[in-house]
Amino acid sequence: MSTQLDGAAAAGREARILARVRDVADWPRPGVGFKDINPLLADPVAFAEVVDAFAAIAATAGAEAVAGIEARGFVLAAPAAARAGLGFWPVRKAGKLPGRTLRRDYDLEYGRSAVEVDPELVHPGSRVLLVDDVLATGGTAAAAAGLLAEAGAEVVGVAVLLELTFLPGRAALSGHEVTALARS
Ligand SMILES: O=P(O)(O)OC[C@H]1O[C@H](OP(=O)(O)OP(=O)(O)O)[C@H](O)[C@@H]1O
Ligand SMILES: Nc1ncnc2[nH]cnc12
């Protein structure tokens, strides 16, 4: 599995991703430009390319697990974990995990939500790569990364399919290594 892409290859991949993300105006609220990744997921070649890319990022970071954020993050993180030969840790929306959980509430681009982690999944000091589809305000990823750290993991990177560069997601994740496969 290649762990590095030269600039031209990364640019080609970014163009293939952007060509398969659909812009939906004023959804789910007026003023929001929603990035629909479903056309990309429906394309088997593009889907495999991004899963391979996340797996390579996990390998390069020396991750021992891949965490994904429900729901769209699961679709990318779980196959990437399997591809990298690693386990998958779910960061779930509140109220879905059994047993004792750690919880954080946060704001995102179009609302407010909460995520939870099962602390028993996390071995102290485990190196984990956090994967999600879209980085917008960064509220979701920052909450998820904070939970993983609170549970004892070392978050060795945050990797997203698409970064919305007009929003301050990267700043919200200061202190973390952030990789975006595409930017818009
Ligand atoms: O950077 P932020 O402003 O926090 O936004 C990014 C988050 O918003 C979306 O999740 P959403 O809560 O819509 O959930 P879904 O994956 O269940 O559709 C997306 O999947 C990210 O997790
Ligand atoms: N504009 C957007 N499109 C898709 N997912 C998002 N999550 C937060 N903002 C988003």
Side-chain angles (χ1 to χ4, degrees), residues 1-5 10 13 17 37 41 47-108 113-164 168-183:
M1 186 188 310
S2 166
T3 55
Q4 293 286 338
L5 275 186
R13 184 181 64 200
I17 292 169
I37 68 164
L41 300 175
F47 184 29
E49 182 178 31
V50 301
V51 167
D52 283 353
F54 285 125
I57 293 165
T60 301
E64 299 166 293
V66 178
I69 305 173
E70 185 178 6
R72 283 174 273 154
F74 283 9
V75 180
L76 300 170
R83 180 82 172 93
L86 300 174
F88 168 70
W89 297 350
V91 178
R92 295 215 63 177
K93 295 284 164 46
K96 301 289 186 179
L97 282 173
R100 185 176 77 85
T101 61
L102 303 177
R103 168 182 172 134
R104 288 201 183 186
D105 295 64
Y106 58 92
D107 294 313
L108 74 165
S113 191
V115 283
E116 292 181 339
V117 159
D118 176 353
E120 292 189 15
L121 280 179
V122 176
H123 297 156
S126 299
R127 296 169 63 85
V128 63
L129 176 73
L130 176 63
V131 169
D132 204 2
D133 63 333
V134 173
L135 177 64
T137 66
T140 308
L147 278 182
L148 291 166
E150 185 181 342
E154 181 186 351
V155 180
V156 292
V158 179
V160 299
L161 177 67
L162 181 61
E163 177 184 0
L164 304 185
R170 209 168 263 268
L173 292 170
S174 65
H176 291 288
E177 181 73 26
V178 177
T179 306
L181 302 186
R183 287 157 209 81

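As the structure is a prediction and not an experimental result, all values here were calculated from the model.
Of the inter-residue distances, the one linking Leu147 atom CG with Trp89 atom CH2 reads 12.5 Å to the nearest 0.5 angstrom. Taken to the nearest 0.5 Å, the OG atom of Ser126 stands 11.0 Å off from the CG atom of Leu86. Atoms CZ and CD1, from Phe47 and Ile37 in turn, are 8.5 Å apart once rounded to the nearest 0.5 Å. Note that CG of Leu135 is 7.5 Å distant from CG of Leu164, once rounded to the nearest 0.5 Å. Atom CG of Asp105 and atom OG of Ser113 lie 8.0 Å apart (nearest 0.5 Å). To the nearest 0.5 Å, the span separating CZ on Phe88 from CG on Leu121 amounts to 10.0 Å.
Using a distance-only test at 3.5 Å, with no hydrogens or angles considered, a donor-acceptor pair links the side chain of Thr60 to the main chain of Ala56.
In terms of heavy atoms, Gly87 sits closest to Ala81 at O-CB, 3.6 Å. The heavy-atom pair separating Asp132 from Phe54 by the smallest distance is O-CZ, 4.3 Å. Ala142 and Ala172 make their closest contact through CB-O, 3.9 Å (heavy atoms, listed as atom of the first residue, atom of the second, distance). Heavy-atom minimum distance, Ala77 versus Gly68: CB-CA, 3.5 Å. Between Ala151 and Val117, the shortest heavy-atom contact is CB-CG1, 4.4 Å. Counting all heavy atoms, side chain and backbone alike, Ala141 lies closest to Val158 at CB-CG1, 4.4 Å.
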>> If you apply the rule side-chain contact (heavy atoms from CB on, under 4.5 Å), what do you find for Val160 with Val134, and how did you get there?
In response: CA-CA 6 Å; Val160 299; Val134 173; over 6 Å; no
>> For Asp118 and Thr101: C-alpha separation, side-chain torsions, deciding distance, then whether side-chain contact (heavy atoms from CB on, under 4.5 Å) applies.
In response: CA-CA 5 Å; Asp118 176 353; Thr101 61; 5.5 Å; no
> After noting the C-alpha distance and the side-chain angles of Ile69 and Leu130, does the key distance pass the side-chain contact (heavy atoms from CB on, under 4.5 Å) rule?
Replying inline: CA-CA 8 Å; Ile69 305 173; Leu130 176 63; 3.8 Å; yes
Enumerate donor-acceptor pairs with a distance under 3.5 Å from any side-chain N or O in residues 173-182 to protein atoms, sequence neighbours excluded.
none

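In terms of the side chain to side chain contact (heavy atoms under 4.5 Å, CB included) criterion, Ala48 has no residue partners (sequence neighbours excluded). Applying the side chain to side chain contact (heavy atoms under 4.5 Å, CB included) criterion to Ala61, with sequence neighbours excluded, gives Val156. Remark: Ala94 engages Arg103, Ala114, Glu116 in a side chain to side chain contact (heavy atoms under 4.5 Å, CB included) (not counting sequence neighbours). In this view, Glu70 and Arg92 satisfy the salt bridge (Lys or Arg N to Asp or Glu O under 4.0 Å) rule, not counting sequence neighbours.
Applying the side-chain hydrogen bond (donor to acceptor under 3.5 Å, both in side chains) test to every pair with at least one member in residues 133-158, sequence neighbours left out, gives these pairs: Arg72-Asp133, Arg104-Glu150.
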